[in-house]
Visitor: 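Here you go, one structure.
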Amino acid sequence: QVQLVESGGGSVQPGGSLTLSCAASGISLDDYAIAWFRQASEMVREGVSCISGSDGRTFIHDSVKGRFTISKDNAKNTVYLQMNNLKPEDTTSYYCAADRSVFRLCELWSSPDYWGQGTQVTVSS
């Protein structure tokens, strides 16, 4: 059974930082690409950042470039999203996702094989 469990969300003031974690079980990060999405509207999740399984290539959406960094620890089977200089418009739920295809997940940002349950990030003064 595959599970993706996000943690690390919370409330922070503008300009602050948070680190989200996505702990994976039932899959190996060597074989799966992992992405972070966020809820852009009721029906739409937008891709934020992605990391490939085999070679650790990273992909970052222009809207967060220079502020967010994705990384992973294969030994812990965990992917991280370091978020710096947070802005009120970053407020929403963040989800991690897994897919065997780097192209489908990290370049097309299309619907993955697996989703996590999400974690809320609130940026407010």
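Because the structure is predicted, anything quoted here is derived from the model rather than measured.
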Visitor: In Å, rounded to the nearest 0.5 Å, how long is the span from SG of Cys96 to OH of Tyr80?
Guide: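 OH of Tyr80 is found 12.0 Å from SG of Cys96.
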Visitor: Please walk me through it: do Trp36 and Glu6 pass side chain to side chain contact (heavy atoms under 4.5 Å, CB included)?
Guide: CA-CA 10 Å; Trp36 286 97; Glu6 301 97 331; 3.7 Å; yes
Visitor: Before you tell me yes or no, could you show the steps for Leu4 and Trp115 under side chain to side chain contact (heavy atoms under 4.5 Å, CB included), namely the whole-Å CA-CA distance, both residues' side-chain angles and the distance that decides it to 0.1 Å?
Guide: CA-CA 7 Å; Leu4 302 173; Trp115 287 105; 5.8 Å; no
Visitor: Are any of the side-chain heavy atoms of Val121 and Met83 separated by less than 4.5 Å?
Guide: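 Side chain of Val121 against side chain of Met83, heavy atoms only: contact under 4.5 Å found.
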Visitor: If only side-chain N and O atoms count, and only distance matters, is there a donor-acceptor pair under 3.5 Å linking Gln82 with Thr19?
Guide: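 Indeed, the side chains of Thr19 and Gln82 share at least one donor-acceptor pair under 3.5 Å.
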Visitor: Enter the distance from Asp73:CG to Ser21:OG here, rounded to the nearest 0.5 Å.
Guide: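 Between Asp73 CG and Ser21 OG, I get 10.0 Å after rounding to 0.5 Å.
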Visitor: Do Ile27 and Arg100 make a side-chain contact, defined as non-hydrogen atoms from C-beta onward lying under 4.5 Å apart?
Guide: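 No - every pair of side-chain heavy atoms lies 4.5 Å or more apart.
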Visitor: Under a 4.5 Å side-chain heavy-atom rule over Ile, Leu, Val, Met, Phe, Trp and Tyr, are Ile51 and Leu105 clustered together?
Guide: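 No, Ile51 and Leu105 fall in different hydrophobic clusters.
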Visitor: Of the non-hydrogen atoms in Cys106 and Phe59, which two are nearest, and what is the gap between them?
Guide: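 Closest approach of Cys106 to Phe59, heavy atoms only: CB-CD1, 3.4 Å.
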Visitor: What heavy-atom pair brings Ser49 and Ile60 nearest, and what distance separates the two atoms?
Guide: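 In this case the closest contact between Ser49 and Ile60 is OG-CD1, 3.5 Å.
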Visitor: Compare every heavy atom of Ser110 with every heavy atom of Arg104, then report the nearest pair and how far apart it is.
Guide: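 Looks like CG-OG, 2.6 Å.
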Visitor: Where is the tightest heavy-atom contact between Leu29 and Thr78, given as atom of each residue plus distance?
Guide: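 In terms of heavy atoms, the two residues are closest at CD1-N, 3.4 Å.
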Visitor: Could you tell me the separation between the CG atom of Asn85 and the OG atom of Ser17, rounded to the nearest 0.5 Å?
Guide: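 Reported value, rounded in 0.5 Å steps: 8.0 Å.
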Visitor: Applying the 4.5 Å side-chain criterion to the ILVMFWY set and letting contacts propagate, would Tyr94 and Trp109 be lumped into a single cluster?
Guide: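 No; Trp109 is not reachable from Tyr94 via cluster members.
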Visitor: Roughly how far, to the nearest 0.5 Å, is CZ of Arg45 from OG of Ser111?
Guide: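 So the OG of Ser111 and the CZ of Arg45 are separated by 9.0 Å.
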Visitor: Could you tell me if the side chain of Ile70 sits less than 4.5 Å from the side chain of Phe68, heavy atoms only?
Guide: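 Counting from C-beta outward, Phe68 and Ile70 never come under 4.5 Å.
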Visitor: Going only through I, L, V, M, F, W and Y residues with side-chain contacts under 4.5 Å, is there a path from Phe37 to Val64?
Guide: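 Unlinked, Phe37 and Val64 end up in two clusters.
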Visitor: Closest approach of Val102 and Ser52, non-hydrogen atoms and distance?
Guide: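 Shortest heavy-atom contact: CG2-CB, 3.6 Å.
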Visitor: Under the side chain to side chain contact (heavy atoms under 4.5 Å, CB included) rule, what do Ile34 and Lys72 come out as? Steps first, then yes or no, please.
Guide: CA-CA 9 Å; Ile34 304 292; Lys72 65 175 180 172; over 6 Å; no
Visitor: Ignoring hydrogens and geometry, is there a side-chain-to-backbone donor-acceptor pair from Asp113 to Ala98 under 3.5 Å?
Guide: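 Here the side-chain-to-backbone pair does not exist.
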Visitor: Between Thr92 and Glu46, is there a side-chain heavy-atom distance shorter than 4.5 Å?
Guide: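 Heavy-atom side-chain distance check fails, nothing below 4.5 Å.
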Visitor: Could you tell me the separation between the CD atom of Gln13 and the CG atom of Leu86, rounded to the nearest 0.5 Å?
Guide: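 Between atom CD of Gln13 and atom CG of Leu86 there are 11.5 Å.
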Visitor: Heavy atoms, side chains only, cut-off 4.5 Å: are Pro14 and Pro88 in contact?
Guide: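 Side-chain contact under 4.5 Å: yes.
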Visitor: Find out whether Val123 and Glu89 are in side-chain contact, i.e. whether some heavy atom of one side chain is under 4.5 Å from a heavy atom of the other.
Guide: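 With C-beta onward as the side chain, the pair stays apart.
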Visitor: What's the spacing between Arg57 CZ and Cys50 SG if we round to 0.5 Å?
Guide: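 Rounded to the nearest 0.5 Å, the CZ-SG separation comes to 9.5 Å.
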Visitor: Where is the tightest heavy-atom contact between Gln117 and Tyr95, given as atom of each residue plus distance?
Guide: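 Gln117 and Tyr95 have their closest heavy atoms at O-CE2, 3.4 Å.
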Visitor: Let's go through Asp62 and Lys65 carefully: what are the C-alpha distance in whole Å and the side-chain angles of both, what is the deciding distance for salt bridge (Lys or Arg N to Asp or Glu O under 4.0 Å) to 0.1 Å, and is it a yes or a no?
Guide: CA-CA 5 Å; Asp62 284 346; Lys65 195 168 289 184; 3.0 Å; yes
